[in-house]
A.B. asks: 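Take this structure first; my questions come after.
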Amino acid sequence: MISRIDLRGAALPEGSALRDLLPRAEFDVEAALEKVRPICEGVRHHGAAAVIDYGEKFDGVRVASLRVPAEELTRALDELDPAVRAALEESIRRARMVHRDQRRTTHTTQVVPGGTVTEKWIPVERVGLYVPGGRSVYPSSVVMNVVPAQEAGVEGIAVSSPPQKEFGGLPHPTILAACALLGVDEVYAAGGAQAIAMFAYGTEGTGGAEGDEPGCAPVNLVTGPGNIYVAAAKRLLKGRIGIDAEAGPTEIAILADSTADPVHVAADLISQAEHDPMAASVLVTDSEELAEATEAELKTQVAASKHVDDRIVPALAGRQSAIVLVNGLADGLKVVDAYGAEHLEIQTADAAAVADRVRNAGAIFVGPWAPVSLGDYCAGSNHVLPTGGCACHSSGLSVQSFLRGVHIVDYTRDALADVAHHVVTLAEAEDLPAHGAAIKARFGWKVPESK
């Protein structure tokens with residue numbers, strides 16, 4: 001059901017040589033670019049009509065209007081299962097606690113008397129938040145995208161999610177209810193690359209039956225996970241819009257030793273595998289006994305699971321999943337750092353100390369009582385995280401994702417005069433004399449002497 005990679009014995013290779021030994025899903029965004037390019041161009045030139053046409057082609061339903069009516073949001077919330085509403089409200093409450101504490105404050109540094117540099121954090125004006133549809137329903141992704149944007153102070157928030165034939169062309173009602181709970185009333189029934197293009201280029205009208213509905217204004221930033229075509233559209237349109245990341249297949253890595261419970265380990269591997277047949281589930285351990293016990297547990301637990309044949313088994317059996325055997329914990333840390341997992345669980349003795357030694361992970365889950373499922377919903381952390389090894393250079397979604405740091409430089413005449421000769425010297429060293437001239441012009445073309 002799941003393959004093994006045995007790295008015991010010889011010393012581990014370094015860098016890319018080690019990464020090449022580890023399991024990883026094939027996710028060729030570059031190849032998908034040529035498929036999404038005409039879609040994005042279609043939306044650019046034909047607006048809402050193109051988004052509706054592509055929705056009919058790819059989602060199997062033709063919507064009357066892209067913009068979800070306000071009454072549908074209200075209805076979805078009114079009809080939401082009370083237990084689901086309570087769970088979403090708690091998820092929102094915890095996420096707000098964590099993300100509110102992330103908000104950076106303006107800070108001024110006095111460089112010299114009369115010379116200051118202030119770093120001011122300004123929220124992005126308008127964002128488009130994408131919530132995937134497809135195999136599952138993700139109201140949690142609404143929470144994880146909207147809450148940090150709101151806590152950052154973003155004024156314009158639009159959400160888009162694919163239309164569902166089962167619900168008359170609207171996004172799934174639980175998605176709509178989550179938007180209503182968060183006070184987001186600009187919601188669109190659009191999915192895939194066409195939704196990203198809609199956010200990037202805007203539309204003059206939503207293609208309503210009466211033709212008089214307002215369009216979707218272009219956004220500055222698009223965030224949220226999606227399939228390979230969403231990732232390709234983000235890559236294609238990056239520059240016109242800012243993006244959070246090109247999200248690939250979801251992944252879990254578990255670093256475990258002989259103290260780990262194989263029941264927990266197997267359950268957590270399966271929990272990630274049920275997302276998608278390309279999902280990655282990786283166990284890194286120095287305990288062959290744990291590896292064997294986990295394999296036995298996988299057989300037992302998979303047999304009792306849902307989504308077995310279409311998701312779990314293909315994911316666990318795929319090239320992206322494996323049990324990796326290592327010589328010891330030190331090698332295990334090297335492996336998980338080389339892998340750079342989206343989600344990394346530490347199930348070892350003294351798990352907190354081990355977690356503190358990890359350098360590359362989207363999020364780290366410490367010990368047996370902090371499974372990835374907790375982070376997906378109610379830990380307070382964000383579950384929009386870097387995939388495909390990008391955790392070695394990128395962060396997950398946070399309040400910072402929606403803020404821009406702007407430096408405000410304020411110098412008096414005396415403060416400029418004190419450093420003018422250095423500025424002129426550096427300008428001339430770079431053969432940019434006009435830079436120096438801009439300083440000289442302020443002092444009658446004579447550089448002041450330093451005090």
Side-chain angles (χ1 to χ4, degrees), residues 2 4-8 12 18-19 21-24 94 98 250-273 275 279-295 297-298 301 315-316 320-396 398:
I2 189 168
R4 283 198 191 189
I5 299 174
D6 196 338
L7 298 181
R8 294 173 297 181
L12 291 177
L18 177 55
R19 288 193 294 273
L21 296 176
L22 303 179
R24 186 75 75 186
R94 294 185 180 211
V98 172
T250 191
E251 57 201 26
I252 184 175
I254 302 174
L255 178 59
D257 62 14
S258 60
T259 68
D261 187 333
V263 174
H264 297 172
V265 173
D268 294 352
L269 294 173
I270 293 169
S271 74
Q272 212 63 22
H275 275 287
S281 297
V282 178
L283 169 62
V284 180
T285 183
D286 61 353
S287 170
E288 189 162 4
E289 292 76 13
L290 176 67
E292 292 174 354
T294 299
E295 287 180 330
E297 272 297 324
L298 284 174
Q301 293 187 33
L316 292 176
Q320 71 272 19
S321 298
I323 295 175
V324 182
L325 290 167
V326 293
N327 286 320
L329 189 58
D331 277 2
L333 282 164
K334 289 180 182 179
V335 167
V336 297
D337 273 339
Y339 185 73
E342 177 188 14
H343 310 92
L344 174 63
E345 290 186 357
I346 306 296
Q347 297 197 34
T348 65
D350 202 4
V354 173
D356 194 50
R357 296 167 61 187
V358 173
R359 294 180 60 86
N360 300 330
I364 303 171
F365 300 82
V366 182
W369 309 114
V372 168
S373 298
L374 174 66
D376 282 343
Y377 301 113
C378 288
S381 58
N382 203 293
H383 78 202
V384 182
L385 301 166
T387 60
C390 292
C392 68
H393 57 71
S394 298
S395 305
S398 72

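Predicted model, so just to flag it, every value in this text is computed and none were measured.
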A.B. asks: Asp6: which residues meet the salt bridge (charged side-chain N to carboxylate O under 4.0 Å, His left out) condition with it, sequence neighbours left out?
C.D. replies: Arg8
A.B. asks: Using a 4.5 Å cut-off on heavy atoms from C-beta on, say whether the side chain of Ser287 contacts that of Asp257.
C.D. replies: no
A.B. asks: Under a 3.5 Å distance rule, please check whether Glu345 uses its side chain to pair with a backbone N or O of Val372 as donor and acceptor.
C.D. replies: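 Yes; at least one donor-acceptor contact below 3.5 Å.
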A.B. asks: Give the C-alpha distance, both sets of side-chain angles, the deciding distance and a yes or no for side chain to side chain contact (heavy atoms under 4.5 Å, CB included) between Leu344 and Val284.
C.D. replies: CA-CA 10 Å; Leu344 174 63; Val284 180; over 6 Å; no
A.B. asks: Would you mind reporting whether Val324 and Thr285 have side-chain heavy atoms less than 4.5 Å apart?
C.D. replies: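 Heavy-atom side-chain distance check fails, nothing below 4.5 Å.
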A.B. asks: Asp268 and Gln347: side chain to side chain contact (heavy atoms under 4.5 Å, CB included), yes or no, with the steps?
C.D. replies: CA-CA 11 Å; Asp268 294 352; Gln347 297 197 34; 3.3 Å; yes
A.B. asks: Any heavy-atom pair between the side chains of Leu255 and Leu329 that's under 4.5 Å?
C.D. replies: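 A side-chain contact under 4.5 Å exists here.
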A.B. asks: If you apply the rule side chain to side chain contact (heavy atoms under 4.5 Å, CB included), what do you find for Leu333 with Val358, and how did you get there?
C.D. replies: CA-CA 7 Å; Leu333 282 164; Val358 173; 3.8 Å; yes
A.B. asks: Under a 3.5 Å cutoff, is there a donor and acceptor pairing between the side chains of Glu342 and Thr250?
C.D. replies: yes
A.B. asks: Among residues at least two apart in sequence or on other chains, which ones pass salt bridge (charged side-chain N to carboxylate O under 4.0 Å, His left out) with Arg4?
C.D. replies: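 Salt bridge (charged side-chain N to carboxylate O under 4.0 Å, His left out) list for Arg4, sorted by chain: Glu288, Glu295.
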A.B. asks: Does the side chain of Asp286 come within less than 4.5 Å of Asp331's, by heavy atoms?
C.D. replies: no
A.B. asks: Measure across Ala260 and Ala256 and return the closest heavy-atom pair with its distance rounded to 0.1 Å.
C.D. replies: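 Ala260 and Ala256 have their closest heavy atoms at CB-CB, 3.8 Å.
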A.B. asks: Give a yes or no on whether the backbone of Tyr339 and the side-chain of Arg24 come within a donor-acceptor separation of less than 3.5 Å.
C.D. replies: yes
A.B. asks: Going by distance alone, is a donor N or O of one side chain under 3.5 Å from an acceptor N or O of the other, for Glu251 and Thr387?
C.D. replies: no
A.B. asks: Of all residues at least two apart in sequence or in a different chain, which pass the salt bridge (charged side-chain N to carboxylate O under 4.0 Å, His left out) check with Arg19?
C.D. replies: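 Testing Arg19 for salt bridge (charged side-chain N to carboxylate O under 4.0 Å, His left out), a comparison that skips the adjacent residues, returns none.
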A.B. asks: Main chain of Leu316, side chain of Ser281: is a donor-acceptor contact present, judged purely on distance under 3.5 Å?
C.D. replies: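 Judged by distance alone, no pair lies under 3.5 Å.
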A.B. asks: Specify the closest pair of heavy atoms between Ala363 and Leu385, including all atoms of both residues, with the distance to one decimal.
C.D. replies: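 Closest pair (atom of Ala363, atom of Leu385, distance): CB-CD1, 3.7 Å.
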A.B. asks: When you measure from the side chain of His343 to the backbone of Ile252, do you find a donor-acceptor pair of N or O atoms at a distance under 3.5 Å?
C.D. replies: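 Looks like no, no N/O pair under 3.5 Å.
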A.B. asks: Restricting to non-hydrogen atoms, name the atom on Ala391 and the atom on Ala341 that form the minimum distance, rounded to 0.1 Å.
C.D. replies: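 Closest approach of Ala391 to Ala341: CB-O, 4.0 Å.
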